[in-house]
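Within every chain, numbering begins at 1; the chains are lettered A, B, ... in the order of the sequence lines, protein sequences first and strands thereafter. Just the heavy atoms: all of them, side chains too, but no hydrogens, waters or symmetry mates, feed the values below.
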Amino acid sequence: MKYKATIHIMPRDEILDPQGKATLLGLHNLGLDDIGQVRIGKRIEVEVEAKDKQAAEDKVKEACTKLLANTIIEKFEFELN
Amino acid sequence: MKYKATIHIMPRDEILDPQGKATLLGLHNLGLDDIGQVRIGKRIEVEVEAKDKQAAEDKVKEACTKLLANTIIEKFEFELN
Amino acid sequence: MKFGVVTFPGSNCDHDLIYAMRENLGQEVVHLWHKDHDLQGCDFIFLPGGFSYGDYLRSGAIARFSPIMDEVIAHANKGGYVMGICNGFQMLTEAGLLDGALLHNASTRFICKNVHIVPASRSALITQNLEHKAYKVPIAHGEGNYFCTPDVLKKLQDNDQVIFRYCDENGRITDAANPNGSLDNIAGVCNVGKNVFGLMPHPERAADEMLANMDGRKLLAQLV
Amino acid sequence: MSNQVSTPVTAEIAAKLGISADEFDKIKEVLGRTPNFTEISIYSVMWSEHCSYKNSILQLKTLPKKGERVLAEAGEENAGLMDIGDGLAVAFKIESHNHPSAIEPYQGAATGVGGIHRDIFSMGARPIAALNSLRFGDLSLPKTQHLLKGVVRGIGNYGNAFGVPTVGGEVFFDPCYNINPLVNAMSVGIVEVGKTASAIAEGAGNPVFIIGSSTGTDGIHGATFASEDIGEDSESKLPSVQVGDPFEEKLLLEATLECIETGALVGVQDMGAAGITCSTSEMAAKGNAGMDVDLDKIPTRQENMEAWEILLSESQERMLFVVKKGREQEIIDICKKWDVHCEQIATVTDGGMLRYFHKGELIAEIPAESLVLGGGAPVYVREQKEPAYLKEIQKFKLSKVPEATGEEHLEVIDFLLALPSIASKRWVTEQYDSMVGTSNMSTNDPSDAAVVRIIGREQAVVVTADCNPRYVHADPEQGCALAVAEAARNIVCSGGTPIGVTNCLNFGNPYKPEVYWQFAGAIRGMKKACEKFGTPVTGGNVSFYNQSESGGSVFPTPTIGMVGLIEDAFNKKMSMNFRKKGHVIYQMGRMVEDLGCSDYLYHYRGIKHSPAPYLNLEDEHKLQKALLKLIDQELIYSAHDVSDGGAAITLLESAFPNNMGFVIETP
């Protein structure tokens with residue numbers, strides 16, 4: 001069975017997000033002052049071959065913890081369909 | 001009114017995605033061979049100050065088209081709540 | 001020709017370029033600040049290498065909206081000369097002054113080393129009088145993988161807009177000589193009007209006798 | 001005192017924060033009362049090994065630090081400072097970020113680079129070169145590969161974005177570093193004599209500003225964290241890893257140098273370990289002044305942070321400026337130009353008392369002098385004991401080593417060339433921008449040490465970082481002298497004259513007598529070698545508690561950062577590569593039958609215990625002076641120092657750059 005997983009990886013809340021900070025500065029340079037609190041992370045789309053949904057979930061979880069997310073400074077969640 | 005927007009930016013389908021390709025290689029090196037078609041993009045969370053939902057949507061759209069996404073090589077969509 | 005080099009927050013090759021143009025090539029060079037709206041009467045504007053705004057979001061994406069860029073775009077649209085080196089090239093693609101985009105290197109790693117490039121365009125100021133051979137010029141970037149859609153590539157080739165391609169030391173254009181996966185080994189392009197140039201390698205880093213490589217000076221000398 | 005912080009602190013709480021019973025008593029004596037939680041937290045970071053050097057300062061004081069070029073002696077300022085003539089001075093220092101890198105390699109290494117550069121530009125010097133000395137475990141292990149990739153990418157991304165070329169250093173692999181890599185970062189900067197800034201607070205009424213990033217909870221107890229063993233549970237110390245922003249640091253550099261140029265600053269210090277606490281107390285103590293600090297004025301990244309979190313936070317890219325009263329606006333305007341945040345958070349007072357206020361309450365009141373190295377911080381003498389492995393070393397007999405037969409020679413050379421510590425490091429170094437600043441003269445003309453020209457001058461500084469930890473493990477005194485000798489030799493082979501040393505002393509747990517025996521021995525070796533080569537030690541860093549998997553410690557690793565000088569760089573720079581067919585190859589220096597601690601014995605023959613290699617400091621100094629004469633009279637084309645892997649590897653390294661070969665006949 002082929003599943004499509006969408007993985008969302010964001011910096012942990014208390015961790016500094018330099019990219020978000022610089023982008024906020026960029027938005028304000030553009031005059032878009034009503035936008036604040038910019039946080040930037042990754043969105044990863046993958047296809048997973050697995051016998052059932054549970055097996056697919058386990059595989060995506062393993063991929064995230066082993067490579068896709070740096071669990072020390074990032075948190076991740078994913079949807080499977 | 002304060003809204004929270006979640007923006008999803010992905011490389012356009014026909015665009016080369018070097019990071020996706022290298023990450024796929026990384027997963028296979030870890031023995032995770034059932035995962036394929038890796039595409040990597042950005043997830044951006046922002047707060048928007050606007051008088052109503054429509055105004056908030058316009059502001060987020062403007063931020064995306066002007067700065068957050070390079071519409072030549074990327075496509076974007078967002079949710080507002 | 002009066003040259004201007006723009007400093008953006010995060011630029012770190014601005015002084016190198018000013019030194020090369022002023023000390024090595026004896027030109028009049030003015031230091032421009034990204035927050036100003038005044039090009040101080042310069043004929044030729046350089047957008048230098050570096051990590052403007054930390055290269056966050058996309059290289060050059062945020063710098064593209066610095067106040068001075070309105071003047072730089074107007075200058076270019078009037079036919080004035082503009083050249084972006086490395087980060088500057090990325091800014092010009094973000095600003096739509098040059099076609100295509102610079103994606104992450106195929107290796108996904110930053111690369112700093114000497115490479116060889118061979119001139120292509122016969123009608124661009126920077127290449128038209130250059131001898132057709134390999135020039136050793138260093139690169140230093142993480143997002144130098146030039147990309148454009150097939151129709152744009154055809155347009156660039158038909159209009160003689162590709163200025164340099166990566167090659168081996170004998171000038172042969174090979175896959176092995178392509179350091180970052182760039183389409184058609186493209187290292188630099190110019191616009192249709194042949195007045196806006198973008199180049200990933202750093203000629204200013206090979207322009208001084210002290211550094212035992214002068215190939216970069218030959219390239220910059222074409223602009224004088 | 002507000003109630004929230006006045007809950008009495010017990011000896012148990014103090015102990016949990018790393019404060020011993022005696023130290024706790026001494027604090028009560030100094031304050032004349034029991035400290036509250038905020039105050040004990042301040043003492044815990046300021047009296048940690050990392051900040052107080054309590055177990056190493058007595059040894060460090062024996063090192064030579066005088067010299068006619070020395071403008072800032074070890075311990076006086078943020079970095080060493082030496083005069084290089086014609087009104088210019090060179091500032092340089094090396095520091096370690098081992099423990100954070102073991103947990104999060106990318107950010108740990110990146111923030112190490114950021115911190116060492118801040119030490120340089122807080123002196124008013126513009127960094128012109130960076131080096132890093134890295135030590136990892138067995139490269140075949142996935143964990144080592146993970147650490148190597150993260151550390152190199154972190155150093156590259158930070159250094160490249162900050163815009164200072166990474167020009168040299170070393171990468172060394174040995175199983176003793178499997179769980180505790182060593183990441184030592186060095187920075188070298190240039191400043192006009194008289195235009196330097198000092199890390200001092202003085203002049204009651206002068207305003208004190210915090211410049212740069214806002215403060216968050218990252219890196220809390222980074223200082224005490226570095227004073228603990230790394231074990232499997234280290235992962236749980238999550239919030240102790242700081243995140244770096246090279247873009248903010250580049251703005252901070254430009255703003256800081258511009259502010260120093262105005263002359264409106266009394267003192268400058270960067271915020272490293274123990275953040276606001278360390279900078280406020282050290283600057284105040286140096287000026288025999290006090291400070292009233294209002295924590296509410298400090299820009300924070302998170303809401304309602306505790307007072308002690310604000311005080312101990314090690315958020316990166318922050319500086320403390322003491323500004324001359326009345327000239328604040330000049331500083332505020334410069335910071336605005338560079339989009340750098342700038343807030344007044346304190347005022348200098350007389351009397352040497354630090355007073356911290358939070359939500360309008362006085363929450364900590366401590367004499368500055370009592371906190372700092374050279375003031376009230378404790379100083380200890382530790383027990384020393386010869387380690388048992390020395391007997392193994394004494395058993396070594398050269399005659400018992402099997403002779404390599406004729407056919408085996410090529411096999412041995414191929415084997416040595418493939419060793420990760422010897423093989424090409426291009427995979428690492430090409431991720432660093434080594435050319436920004438157009439001053440690295442070794443890019444197209446490789447030399448043993450990096451030759452970095454000073455723009456607008458004929459001079460060049462010559463920089464290197466060296467240490468072979470196996471030699472130091474076999475014989476700390478001889479091994480450390482060898483490290484200094486090799487650094488000097490690398491500089492001389494590049495045409496430079498050695499002028500000064502900074503050191504990064506990576507050792508195990510100082511409370512283990514065997515470790516302290518190694519530490520004291522290394523200091524003795526460094527002392528005699530630095531005296532012989534006339535290179536005073538201008539400062540550096542001590543990193544204890546570097547553990548190995550077995551619970552023991554990593555090899556003793558006193559990394560030597562050395563700076564040299566070439567007056568006429570264009571003509572007198574020397575490179576290491578063969579140039580033309582027909583040139584004759586000479587070996588300088590006495591040939592001694594000695595395989596001690598060689599890669600051949602250790603890796604090929606698997607002999608793990610052998611004595612440190614031969615060294616005669618007098619001969620070594622004569623050889624280096626003779627070589628400099630040959631270079632000065634332009635009698636030779638290239639010079640390359642024989643080190644890891646021996647003469648065979650040295651010859652190959654000289655041949656590779658220009659695709660040359662060579663013919664030698666052994667006697």
Side-chain angles (χ1 to χ4, degrees), chain B residues 4-33 35-49 56-80, chain C residues 52-67 69-70 73 89-111 141-153 155-156 178-186 189 191 198 200:
Chain B
K4 187 169 182 300
T6 305
I7 302 160
H8 307 281
I9 302 174
M10 292 302 286
R12 285 188 180 286
D13 300 338
E14 75 283 10
I15 295 285
L16 181 74
D17 176 10
Q19 286 188 297
K21 232 166 61 185
T23 305
L24 183 64
L25 192 66
L27 291 170
H28 290 171
N29 288 347
L30 287 169
L32 298 164
D33 298 327
I35 296 184
Q37 296 301 342
V38 177
R39 301 282 290 172
I40 297 188
K42 295 191 187 76
R43 173 191 165 91
I44 303 180
E45 294 169 359
V46 298
E47 276 171 13
V48 194
E49 186 57 50
E57 255 171 38
D58 296 344
K59 284 182 177 162
V60 173
K61 200 162 187 305
E62 186 187 358
C64 289
T65 45
K66 274 194 169 174
L67 178 66
L68 300 180
N70 176 339
T71 46
I72 297 173
I73 55 170
E74 292 168 329
K75 56 187 181 192
F76 71 89
E77 54 190 34
F78 61 89
E79 308 122 29
L80 206 62
Chain C
S52 55
Y53 291 90
D55 258 9
Y56 292 133
L57 191 63
R58 290 182 310 280
S59 299
I62 301 173
R64 177 253 174 277
F65 290 106
S66 287
M69 281 304 283
D70 302 337
I73 292 170
F89 183 11
Q90 294 156 341
M91 276 179 224
L92 292 175
T93 59
E94 287 283 339
L97 285 176
L98 285 177
D99 293 310
L102 282 309
L103 308 182
H104 283 272
N105 294 343
S107 69
T108 71
R109 281 193 292 274
F110 184 90
I111 308 167
H141 57 247
E143 294 174 53
N145 182 352
Y146 185 78
F147 178 85
C148 64
T149 52
D151 55 321
V152 170
L153 178 62
K155 185 192 89 175
L156 292 176
N178 185 338
N180 49 33
S182 289
L183 193 62
D184 194 19
N185 278 40
I186 289 174
V189 297
N191 65 346
M200 280 316 288

With only heavy atoms counted, which part of [X] is less than 4.5 Å from chain C, the side chain, the backbone, both or neither?
X     : answer
B:L16 : both
B:K42 : side chain
B:I44 : side chain
B:L68 : both

Can you tell me if B:K61 has over 12 outside heavy atoms packed within less than 6.0 Å of its NZ?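 For B:K61, atom NZ is not crowded (no more than 12 foreign heavy atoms under 6.0 Å).
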Flag yes if more than 12 heavy atoms outside B:E49 fall under 6.0 Å of its CD atom; otherwise flag no.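 More than 12 within 6.0 Å, yes.
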Nearest 0.5 Å, what's the SG-CD1 distance between C:C148 and B:I73?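 Reported to 0.5 Å precision, the distance equals 12.0 Å.
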So how far is it from C:F147 CZ to B:D17 CG, rounded to the nearest 0.5 Å?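 The distance works out to 11.0 Å.
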Considering all heavy atoms, the nearest B:P18-C:A106 contact: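 Closest pair (atom of B:P18, atom of C:A106, distance): CB-CA, 4.1 Å.
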Heavy atoms only, distances under 4.5 angstrom: which of C:N105, C:L103, C:T149 has the most pairs with chain B? Name it, please.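 Among the listed options, the one with the most contacts to chain B is C:L103.
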Sort out for me which of C:T93, C:N145, C:L57 touches chain B most, counting heavy-atom pairs under 4.5 Å.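 The option with the most such pairs is C:L57.
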Checking C:A101 against chain B: side chain, backbone, both or neither under 4.5 Å from a heavy atom?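 Just the side chain, heavy atoms under 4.5 Å.
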Is C:L183 close to chain B through its backbone or its side chain, or both, or neither, when contacts mean heavy atoms under 4.5 Å?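 Interface part for C:L183: neither.
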Could you tell me whether the side chain of C:R64 and the main chain of B:L67 form a donor-acceptor pair under 3.5 Å?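 Such a contact is absent between C:R64 side chain and B:L67 backbone.
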